[in-house]
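Everything on this sheet refers to the single structure shown next.
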Amino acid sequence: MSDSSPAPVLEIWCDLQCPDCRTALDDLRALRERYGDRLEVRLRHFPLEKNKHAFAAAQAAEEAWDQGRGWAYVEAVLGRVEELGRKGEPFLVEVARELGLDAEEFDTALVDGRHILIVDADQAEGKAIGVTGTPTYVIGGERLDGGKSQEGLRERIEEIADRLLAGPAH
């Protein structure tokens with residue numbers, strides 16, 4: 001397999017106020033450690049209506065990506081979903097400040113809605129492919145729903161990733 005072939009993509013459809021997505025962090029960390037650059041892990045937004053700060057959190061995560069600390073921000077917010085539930089948007093700005101990001105810019109981004117289109121597009125695409133809950137993983141054309149149980153999901157993702165990385169069978 002030549003180095004120029006693109007890395008397989010693992011998409012995770014996520015709600016940043018969802019305790020199940022927090023549980024999924026351990027799997028995501030393990031996958032990122034195991035594969036490094038050989039697997040591209042992409043966060044996709046799927047804020048659920050029941051979580052009233054999830055939509056704002058998705059926008060804030062996009063701002064963090066723009067500022068170069070996307071994963072650090074996502075992990076920090078997911079690690080404290082209860083706090084997000086209690087404090088809402090001020091908490092999102094607080095986390096940005098803790099990570100040394102431009103917190104004023106977060107504040108402005110949440111007010112001017114500059115990232116709403118990305119979040120809406122992710123959500124629409126998720127619905128179109130049948131995502132109903134979070135976390136949902138998509139890799140190699142397979143959808144794995146972690147909203148009910150995450151048992152064995154990482155192993156399944158690794159199986160698919162290993163198969164994709166091995167290249168086409170001859």
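Note: hydrogens, waters and symmetry copies are ignored here, and every other heavy atom, side chains too, is used.
- Contact detail for Gln67 and Leu101: the closest heavy-atom pair is OE1-CB, 3.3 Å.
- Thr132 approaches Leu48 most closely through the heavy-atom pair O-CD2, 4.1 Å.
- When the side chains of ILVMFWY residues are joined at heavy-atom separations under 4.5 Å, either directly or via intervening members, Leu43 and Ile157 end up in a single hydrophobic cluster.
- Two residues are said to be in side-chain contact when any heavy atoms from C-beta on lie closer than 4.5 Å; Arg80 and Glu94 meet this criterion.
- Side-chain atoms of Arg42 never come within 3.5 Å of backbone atoms of Leu10 as a donor-acceptor pair (strictly under, hydrogens ignored).
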| field | Worked verdict on Val138 versus Ile129 for side-chain contact (heavy atoms from CB on, under 4.5 Å) | value | CA-CA 10 Å; Val138 177; Ile129 62 168; 3.8 Å; yes
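- Each of Trp13 and Ile139 belongs to its own hydrophobic cluster when Ile, Leu, Val, Met, Phe, Trp and Tyr are linked at side-chain heavy-atom distances under 4.5 angstrom.
- Checking side-chain atoms of Glu62 against main-chain N and O of Val119 turns up no donor-acceptor pair under 3.5 Å.
- Asp112 CG: more than 12 foreign heavy atoms inside a 6.0 Å radius.
- Residue Thr134 comes nearest to Cys18 through the heavy atom pair OG1-SG, 3.3 Å, listed as atom of the first residue, atom of the second, then distance.
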| query | When you look at Arg156 and Glu159, which way does the salt bridge (charged side-chain N to carboxylate O under 4.0 Å, His left out) test go after all the steps? | reply | CA-CA 5 Å; Arg156 186 76 195 101; Glu159 265 170 43; 2.8 Å; yes
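- Applying the ring-ring contact (aromatic ring centres under 6.0 Å, His included) test to residues at least two apart or on different chains, the pairs with a partner in residues 88-108 are Tyr73-Phe106.
- Listed here is the closest heavy atom pair of Gln17 and Ala54: OE1-N, 3.4 Å.
- In the hydrophobic clustering of this structure, Ile116 does not group with Val93; members are Ile, Leu, Val, Met, Phe, Trp, Tyr whose side-chain heavy atoms approach within less than 4.5 Å, directly or through other members.
- Between the side chains of Gln59 and Glu63, no donor-acceptor pair of N or O atoms lies under 3.5 Å.
- Residues Cys21 and Cys14 have side chains in contact (heavy-atom distance under 4.5 Å, counting atoms from C-beta outward).
- Without hydrogens or angle criteria, Arg44 side chain to Gly126 main chain gives no donor-acceptor distance under 3.5 Å.
- In this structure, CD on Glu11 lies 12.0 Å from CG on Leu144, to the nearest 0.5 angstrom.
- The shortest non-hydrogen separation linking Ala161 to Leu39 is CB-CD1, 4.4 Å.
- Of the inter-residue distances, the one linking Asp162 atom CG with Glu155 atom CD reads 11.5 Å to the nearest 0.5 angstrom.
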| query | Does the pair Glu104 and Arg97 meet the rule for a salt bridge (charged side-chain N to carboxylate O under 4.0 Å, His left out), with working shown? | reply | CA-CA 9 Å; Glu104 309 311 308; Arg97 192 171 286 118; 3.6 Å; yes
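- Annotation: ring-ring contact (aromatic ring centres under 6.0 Å, His included) contacts involving residues 26-69, sequence neighbours excluded, comprise Trp65-Trp71.
- Of the inter-residue distances, the one linking Asp27 atom CG with Arg34 atom CZ reads 12.0 Å to the nearest 0.5 angstrom.
- Distance check, rounded to the nearest 0.5 Å: CG of Leu164 to CD of Glu142 gives 9.0 Å.
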| task | Take Lys52 and Glu89 through the salt bridge (charged side-chain N to carboxylate O under 4.0 Å, His left out) test and state the conclusion after the steps. | result | CA-CA 10 Å; Lys52 63 177 186 291; Glu89 293 191 15; over 6 Å; no
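- Hydrophobic clustering (side-chain heavy atoms under 4.5 Å, transitive across Ile, Leu, Val, Met, Phe, Trp, Tyr) groups Leu31 together with Leu165.
- Contact of the Glu40 side chain with the Pro8 side chain is not registered, since no non-hydrogen atoms from C-beta on lie closer than 4.5 Å.
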| request: Check the pair Arg29, Glu75 against salt bridge (charged side-chain N to carboxylate O under 4.0 Å, His left out), reporting the backbone distance first and the verdict last. | output: CA-CA 10 Å; Arg29 277 195 200 107; Glu75 291 190 7; 3.1 Å; yes
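- Criterion: ILVMFWY side-chain heavy atoms under 4.5 Å apart, direct or through other members. Under it, Val41 and Ile118 are not part of a common hydrophobic cluster.
- Put simply, CG on Asn51 and CG on Leu16 are 10.0 Å apart, with the number rounded to the nearest 0.5 Å.
- Residues His115 and Leu110 have side chains not in contact (no heavy-atom distance under 4.5 Å, counting atoms from C-beta outward).
- Separation of atoms CG (Leu28) and CZ (Arg154) is listed at 10.0 Å; rounding is to 0.5 Å.
- When all heavy atoms are compared, the tightest approach of Gly79 to Leu25 is N-CD1, 4.4 Å.
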